[in-house]
Amino acid sequence: VLSELNNLPSTAKNKAKEVSPWLQGEDVASVLESVKWLIFSDTILITLHVGNLIDDIEKVKHWCVFNSCCLTVLYHLFESGLPLRGAITHGEFTIEERCVAGKPIVDAYQLAESLNLSTAVLRKETGEYLDSLYSIYNDNRKPTAIEKYLIPLKNKESEKLYALDYIALEEGEDARA
């Protein structure tokens, strides 16, 4: 598992090119350079600073690549026998060496801890934000392997949230068939 953790950034970068099929190679490569990884204790923190991106198409590209990286982490660690729970949020945060702070970090931690299954989900507000970004496409396209599911929570309730469908990364077959 340790070798898998060490190889995650390069594995994710390679897989991101496959999972976002409508992006051009140079788009993926430039965004991947901005993805940051911090692994500590039992936590894998993946961040992408979008800064002052104004163009919605550029924001979509960044989200596609970021989600692809997260999908790859879930898939490869699950296949290695280490199922994960995670959450994806957006907003202002700070990272200095191994110190992290910000509301999105806390929100992601709390949501991930509430999950009663192995996957990563988008916080409700983050899902709504992505819906608004993707509305620029007339064909209702969404990133590959992100679907809305009824997610079981530890408090015996459930909530309809977007989840990363890492089973869709199965090679050579449609895992949902």
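Numbering of residues begins at 1 and proceeds along the displayed sequence. Just so we're clear, the structure is a prediction, and the values are computed from it rather than from any experiment. For the numbers below, each heavy atom of this structure counts, side chains included, while hydrogens, waters and symmetry mates do not.
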Exercise. So do the side chains of L122 and L161 get within less than 4.5 Å of each other, counting heavy atoms only?
Worked result: no
Problem set entry | ILVMFWY network linking V31 to L133, side-chain heavy atoms under 4.5 angstrom | yes
Problem set entry | Approximate separation, where rounding is to 0.5 Å, of I46 CD1 and K36 NZ | 13.0 Å
Problem set entry | Flag, side chain of T72 to backbone of S68, donor-acceptor distance under 3.5 Å | yes
Seminar exercise, completed: Closest non-hydrogen atoms of G127 and Y162, given as atom of the first, atom of the second and distance, are CA-CD1, 3.7 Å
Problem set entry | Point-to-point distance, once rounded to the nearest 0.5 Å, from OG1 of T94 to CD of E96 | 7.0 Å
Problem set entry | Audit row: V60, L130, side chain to side chain contact (heavy atoms under 4.5 Å, CB included) steps and yes/no | CA-CA 8 Å; V60 167; L130 283 182; over 6 Å; no
For this session: Take D56 and S132, measure what side chain to side chain contact (heavy atoms under 4.5 Å, CB included) needs, and give me the verdict at the end.
Result: CA-CA 10 Å; D56 283 345; S132 71; over 6 Å; no
For this session: Any ring-ring contact (aromatic ring centres under 6.0 Å, His included) involving residues 87-125? Give me the pairs, sequence neighbours left out, ordered by first then second residue.
Result: H90-Y129
Problem set entry | Connected via hydrophobic side-chain network under 4.5 Å: L111 and I105 | no
For this session: Enter the distance from E58:CD to K61:NZ here, rounded to the nearest 0.5 Å.
Result: 4.0 Å
Problem set entry | Minimum heavy-atom distance L48-H62, with the two atoms named | CD2-O, 3.3 Å
Exercise. Taking side chain as C-beta onward, heavy atoms only, is L153 less than 4.5 Å from N116?
Worked result: no
Seminar exercise, completed: All heavy atoms of W63 vs all of T89, minimum pair found to be CH2-O, 4.1 Å
Problem set entry | Nearest heavy-atom neighbours spanning D165 and Y149 | OD2-OH, 3.2 Å
Problem set entry | Linked, directly or transitively: I39 and F66 (ILVMFWY side chains, under 4.5 Å) | yes
For this session: Could you tell me whether the side chain of V73 reaches within less than 4.5 Å of the side chain of W37, counting heavy atoms only?
Result: yes
Exercise. Between R85 and S118, is there a donor-acceptor pair closer than 3.5 Å when you use the side chain of the first and the backbone of the second?
Worked result: no
Exercise. Is it the case that one hydrophobic cluster holds both L45 and L32, taking links as side-chain heavy atoms less than 4.5 Å apart, direct or via other members?
Worked result: no
Exercise. Are V35 and T47 side-chain neighbours, meaning at least one heavy-atom pair lies under 4.5 Å?
Worked result: no
For this session: Taking the side chain as every heavy atom from C-beta outward, state whether L38 and T43 have any atom pair closer than 4.5 Å.
Result: no
Problem set entry | Nearest-0.5 Å distance, CD1 of residue I88 to SG of residue C70 | 4.0 Å
Exercise. So, does T119 use its side chain to make a donor-acceptor pair with the main chain of A163 at under 3.5 Å?
Worked result: no
Exercise. Do you reckon F40 sits in the same ILVMFWY cluster as I95, going by side-chain contacts under 4.5 Å, direct or chained?
Worked result: yes
For this session: Evaluate whether atom NZ of K148 has more than 12 neighbouring non-hydrogen atoms of other residues, nucleotides or ligands under 6.0 angstrom away.
Result: yes
Seminar exercise, completed: Rounded to the nearest 0.5 Å, the OG1 atom of T126 sits from the CG atom of D131 at a distance of 11.0 Å
Exercise. Of all heavy-atom pairs between S158 and P152, which one has the smallest distance, and what is that distance?
Worked result: CB-CA, 4.2 Å
For this session: Could you grab the distance from atom CG of L164 to atom CG of L71, nearest 0.5 Å is fine?
Result: 4.5 Å
Exercise. Does K154 use its side chain to pair, donor to acceptor, with the backbone of E113 at less than 3.5 Å?
Worked result: yes
